[in-house]
Structure formats: structure tokens, C-alpha cells
Amino acid sequence: MADTTGNTQDTGAPPGTASDSRPRKSSWRYIGPGIVVAATGVGAGDLVATLIAGSSFGYTLLWAAVIGCLVKISLAEAAGRWHLATGRTLFDGWASLGRWTTYFFGFYVVVWGFVYGAAAMSSSALPLQALFPDVMDLEWWGISCALVGLAFVWFNRYAVFEKVMTVLVGVMFAVTVYLAVRVAPNLGDAFAGLLPVLPDADDSVLYTLGLIGGVGGTITLAAYGYWVNAKGWTNTGWMRVMRLDNRVAYVTTGVFVVAMLFVGAELLHSAGLALEKGDQGLVQLSGILEDRYGTATAKFFLIGFFATSFTSLIGVWHGVSLMFADFVTRGRKKVTVSTGEAIASGRPEKSWPFRAYLLWLTFPPMILLFEGQPFRLIILYGVLGAAFMPFLALTLLWLLNSARTPRAWRNGILSNGMLVVAGLLFLALCVKQVWDQPWSEFF
């Protein structure tokens with residue numbers, strides 16, 4: 001995150017200046033990819049985790065949520081800096097570290113996409129079924145959301161995608177801030193929660209690390225650099241703009257998670273109420289809100305719940321499909337380098353690998369909505385998901401301290417420190433996740 005110092009697709013730059021690497025002034029009018037990564041990264045699972053933290057420990061772990069945002073700022077900034085400083089994509093950087101990165105990513109993106117597709121459909125369907133209980137079953141709501149997401153991403157390019165995500169983020173922001181104000185948080189206790197204190201509970205260290213690691217996205221952090229390029233930012237002239245954009249992303253994320261922690265602390269903790277784990281806990285919260293504040297507030301929350309879930313769905317449908325298209329393109333023998341210019345051209349969004357992965361995210365996972373999730377596949381999904389974040393942090397640390405990155409844009413002390421902290425944090429969580437899997441039942 002060291003302060004070292006485009007293809008115009010709605011960038012605000014004049015046409016024909018893609019190769020101009022003169023520094024652009026940081027400006028709010030350029031903001032976009034950060035909004036996308038914030039919307040995609042904060043899913044229903046993040047809101048539930050933060051609510052449960054607030055309901056279990058009050059404001060005690062507010063500091064952990066804030067640190068989680070700072071850690072993710074450093075990771076997203078590093079990914080964006082790689083794309084802009086080198087002109088190469090992140091997968092191109094990974095490929096330069098050895099074929100093992102290609103094998104890991106290929107296996108990960110196939111298994112992860114299959115299971116995540118079903119989870120995203122279900123998460124988007126839950127608030128719709130709660131809002132319209134007599135229209136159709138949960139499974140068909142999920143399928144409808146997936147098909148809408150497929151059609152939207154298939155037929156639209158990044159510029160339209162960004163605008164829709166911005167509108168949905170506005171809905172998410174309005175709902176979470178309204179709820180935080182509605183529950184009348186105790187600001188004195190909230191400020192006290194910024195002091196790094198562990199709760200008095202078993203496994204409090206691991207629980208706290210999990211909250212830090214769970215704030216705001218996994219693979220979507222790696223997709224940030226691709227969205228930066230899709231916006232039309234392809235060289236170091238956009239570095240200042242990217243950094244402002246990235247900070248806006250995680251300030252927005254911070255508002256979401258802090259607001260939900262306030263709700264958990266004031267509405268649930270003070271009343272001794274507990275939520276179910278998983279997305280179903282948010283449906284349960286809507287019932288609590290209806291009892292306390294009335295039907296209008298409950299429905300307003302469910303709209304925000306849907307916006308949160310659906311932005312994650314279409315964000316993954318777009319961002320991870322871009323990464324998969326790069327993965328396939330880079331794997332062809334005739335293509336030796338994947339560039340940000342190619343992403344900015346918009347061609348990958350029309351390519352068959354992009355659309356093939358869109359179909360993979362949409363149709364095969366529908367089976368899981370009806371049949372349930374296969375036990376062994378879920379274990380592999382959990383392990384691979386836990387392994388991705390240390391993989392991202394440690395490979396970025398490697399890439400940005402080597403000759404692969406121009407000297408002026410390599411990591412400074414602060415960036416290295418944050419990436420080391422992120423790598424160790426996610427490595428510890430990965431080991432815990434692997435250890436907790438029921439391996440005896442797997443074989």
C-alpha cells in the first residue's frame with residue numbers, strides 16, 4: 001500500500017490517450033471499479049458474520065472489522081498496482097511463477113464456481129421469497145436470479161455493469177445506514193470497541209481472525225485489477241486514481257460491516273437474541289425488525305438483503321468470468337503475454353471462455369438447489385476457498401518485490417508489512433479450515 005509513484009471506456013480521458021501514462025489527478029468522477037469490488041465482496045455471509053459478532057460480543061470486535069477493511073485495501077491495491085505498473089494481468093503474473101499456479105487456479109475456479117453458483121442463487125432467492133412468499137418456491141427464485149444475472153452479464157459490457165452495480169450499492173448503503181441509525185447505537189461503547197480487545201470466550205482468537213479475514217471478498221479482490229483494466233485504466237498514469245478508487249471501496253465496505261455490527265450489538269446483543277448461521281439468519285432478522293419497527297422497515301431490509309446478494313452474484317458472474325477468460329487465453333500456446341490493453345478492449349467479455357464460464361456458474365449449480373450439496377465437493381470447496389487468500393497475498397508479495405515489477409512500483413515497507421500480515425492471517429485461517437474438515441468421513 002506504499003504511496004509510490006488508459007483505453008477510454010467511460011474513464012473521463014479523451015479518446016486516443018490509452019498509451020499516455022502521465023499521472024491523472026485523483027477525481028471522484030473516475031470512481032467505479034472500487035464500487036464494483038465493494039458490492040461484490042460484501043455478500044450476505046459477511047453481513048451475517050458481522051451481525052453474529054455484534055449479537056455475541058456487542059461492540060468488542062469493532063476494531064477487527066476495521067482491520068479487516070485495511071487488510072483488504074492492501075490486497076486490492078497490490079492487485080491493481082500490478083495491472084497498472086506492468087501492463088500485464090494478474091494471471092499472467094501468476095503464470096510467470098511456475099505451472100503450479102495454473103494448476104491451482106484451474107482446479108480452484110472450476111470447483112469453486114460450481115458450488116458458489118448454487119450458494120449465490122440461494123442467497124439471492126431468500127429475500128425474494130420472503131418478500132413474495134406465495135409466488136414460487138425458493139429453488140425457482142434462485143434459478144430466476146441466475147438467469148437474470150446470466151442475461152445481464154452476457155449482453156452488457158463493463159460500463160453498463162458498473163452503473164447497475166453503483167445503483168445497487170446505493171440501495172445497500174441506504175438500508176444499512178438507516179438500520180444503524182434506527183437502532184440508536186451507543187457511540188461511547190462503539191468508540192471503546194476500536195480498542196483491540198479479545199472477547200472472553202473459547203476460541204476467541206480464531207473467531208476474531210475469521211472476522212478480520214471475512215470482511216469484503218475473496219477471489220473478487222483478485223478480480224479488482226481486471227475491473228480496473230475493463231474501466232480503461234491500463235498504465236501508471238491511473239495509479240493515483242486507482243488508489244483513491246480502492247480506498248473508497250473499502251470505506252464503503254467498512255460502512256456496511258460497521259452498520260451491521262451496530263445492529264447486532266444494539267438489536268440482538270442487548271435483547272439476548274441469537275441468529276442462525278448462514279443466509280437464513282438474515283431472513284430471521286427481518287422478522288425481528290418487523291416485530292420491533294414494523295412491516296415497512298422489515299421489507300426495506302429485505303430489499304437491501306436482495307441488493308447485497310444479487311450484486312455478489314452478478315459481480316462474480318462478470319469478474320471471475322473475466323479471470324477465467326484470461327486463464328484460458330494465456331494457456332494457448334500462441335499467447336505468451338496477457339495484457340491490460342486486451343481486457344480494456346472489451347474483447348474478453350465477448351469471448352467463448354468468458355461465456356463458457358458464465359454458463360458453468362449458471363446451469364450446473366442448479367442441480368445443487370434440488371439435490372443438496374455433495375459432501376466431498378463441499379469439503380474440497382471449503383479447503384480451496386481457504387487456500388485462495390494466502391495464495392493471493394503471498395504471490396502478490398512475490399510479484400511486487402521482484403524484477404517482474406518496474407522498480408518505481410515495487411512494494412515499500414508498508415505494502416510489504418500489510419501483505420505479510422494478510423498472508424499470515426489467511427494462512428492461519430486456511431490451516432484451521434483444513435484441520436476442521438471431517439476427513440475421516442471423506443475417504
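What's counted below: heavy atoms across the whole structure, side chains too, no hydrogens, waters or symmetry copies.
- The line from OG1 of Thr176 to CZ of Phe301 is 10.0 Å long, rounded to the nearest 0.5 Å.
- Side chain of Arg157 to main chain of Glu349: a donor-acceptor pair is present (N/O by atom type, distance under 3.5 Å, no hydrogens or angles).
- Residues Thr308 and Val175 form no side-chain contact, since every pair of their non-hydrogen atoms from C-beta on lies 4.5 Å or further apart.
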Please evaluate residues Tyr30 and Trp238 with respect to the criterion ring-ring contact (aromatic ring centres under 6.0 Å, His included), reporting the C-alpha separation (whole Å), side-chain torsions for both, the decisive distance (0.1 Å), and the verdict. CA-CA 10 Å; Tyr30 294 135; Trp238 294 102; 5.2 Å; yes
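- Listed for the Thr89 side chain is a donor-acceptor partner under 3.5 Å among the backbone atoms of Asp92.
- Side-chain rings of Phe262 and Tyr59 approach one another, their centers coming within less than 6.0 Å.
- Around the CZ atom of Phe152, the shell of radius 6.0 Å holds more than 12 heavy atoms that belong to other residues, nucleotides or ligands.
- Ring geometry for Phe104 versus Tyr108: interplanar angle under 30°, hence parallel rather than tilted (30 to 60°).
- Here the side chains of Met323 and Val109 are not in contact, with every heavy-atom distance at 4.5 Å or above.
- Contact of the Phe191 side chain with the Leu62 side chain is not registered, since no non-hydrogen atoms from C-beta on lie closer than 4.5 Å.
- When the ring-ring contact (aromatic ring centres under 6.0 Å, His included) test is applied to Phe57, the partners found at least two apart in sequence or on another chain are Tyr207.
- Contact detail for Ala307 and Met172: the closest heavy-atom pair is CB-CG, 3.8 Å.
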Worked check of side-chain contact (heavy atoms from CB on, under 4.5 Å) between Val42 and Leu47: CA-CA 7 Å; Val42 178; Leu47 299 188; 4.0 Å; yes
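- Judged by distance alone, the side chain of Trp233 and the main-chain N or O of Ala230 form no donor-acceptor pair under 3.5 Å.
- Considering every non-hydrogen atom in both Met242 and Arg81, the closest pair reads CE-N, 3.6 Å.
- The backbone N or O of Ala118 lies less than 3.5 Å from no partner atom in the side chain of Ser122, so there is not a single donor-acceptor pair.
- Annotation: the span from Leu285 atom CG to Leu268 atom CG amounts to 6.0 Å, rounded to 0.5 Å.
- Between Pro365 and Met121, the closest heavy-atom pair is CB-CE, 3.8 Å.
- For Val66, the side chain to side chain contact (heavy atoms under 4.5 Å, CB included) criterion is met by Leu194, not counting sequence neighbours.
- Using a 4.5 Å heavy-atom threshold, the side chains of Thr329 and Phe91 count as separate.
- Between Asn246 and Ile73, the closest heavy-atom pair is ND2-O, 3.0 Å.
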Working note: Thr102 + Phe327, criterion side-chain contact (heavy atoms from CB on, under 4.5 Å); need CA distance, chi angles, decisive distance, verdict. CA-CA 8 Å; Thr102 300; Phe327 164 72; 3.6 Å; yes
List the steps and the verdict of side-chain hydrogen bond (donor to acceptor under 3.5 Å, both in side chains) for Ser309 and Ser123. CA-CA 6 Å; Ser309 298; Ser123 180; 2.8 Å; yes
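- Between Val153 and Trp317 the shortest heavy-atom distance is CG2-CB, 3.9 Å.
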Contacts table for residues 386-400: side-chain donor-acceptor under 3.5 angstrom, sequence neighbours left out:
{"residue": "Thr395", "atom": "OG1", "partner": "Trp94", "partner atom": "NE1", "Å": "3.0"}
{"residue": "Thr395", "atom": "OG1", "partner": "Phe391", "partner atom": "O", "Å": "2.6"}
{"residue": "Thr395", "atom": "OG1", "partner": "Leu392", "partner atom": "O", "Å": "3.2"}

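- Leu424 CG to Leu419 CG: the interatomic distance, rounded to the nearest 0.5 Å, is 11.0 Å.
- Here the side chains of Leu75 and Tyr224 are not in contact, with every heavy-atom distance at 4.5 Å or above.
- Qualifying ring-ring contact (aromatic ring centres under 6.0 Å, His included) partners for Phe300, counting only residues two or more places apart in sequence or in other chains: Tyr178.
- In this structure Phe256 satisfies the ring-ring contact (aromatic ring centres under 6.0 Å, His included) test with no other residue, sequence neighbours excluded.
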Could you walk me through whether Val316 and Thr40 pass the side-chain contact (heavy atoms from CB on, under 4.5 Å) check? CA-CA 7 Å; Val316 166; Thr40 307; 4.0 Å; yes
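- Rounding to the nearest 0.5 angstrom, the gap separating the CZ atom in Phe306 from the CG atom in Leu282 is 14.0 Å.
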Any chance you could lay out the side-chain contact (heavy atoms from CB on, under 4.5 Å) test for Val110 and Phe105, step after step, and finish with the verdict? CA-CA 8 Å; Val110 171; Phe105 181 79; over 6 Å; no
Could you walk me through whether Arg404 and Ser96 pass the side-chain hydrogen bond (donor to acceptor under 3.5 Å, both in side chains) test, one step at a time? CA-CA 9 Å; Arg404 297 173 180 83; Ser96 73; 2.9 Å; yes
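- A search for ring-ring contact (aromatic ring centres under 6.0 Å, His included) contacts involving Tyr226 returns His83, not counting sequence neighbours.
- Atoms CH2 and CZ, from Trp154 and Arg355 in turn, are 5.5 Å apart once rounded to the nearest 0.5 Å.
- Taking the six-membered ring where tryptophan is involved, the planes of Phe354 and His318 are perpendicular, since the angle between them exceeds 60° and thus also 30°.
- Taking every heavy atom of both residues into account, Ser124 and Leu313 meet most closely at OG-CD1, 3.8 Å.
- Remark: His269 NE2 to Leu51 CG distance equals 14.0 Å, nearest 0.5 Å.
- Residues Lys163 and Val167 have side chains not in contact (no heavy-atom distance under 4.5 Å, counting atoms from C-beta outward).
- When side chains are defined from C-beta on, Trp409 counts as touching Met239, because their heavy atoms get closer than 4.5 Å.
- There is no side-chain donor-acceptor pair under 3.5 Å between Asn229 and Thr234.
- Using a 4.5 Å heavy-atom threshold, the side chains of Pro348 and Asp326 count as separate.
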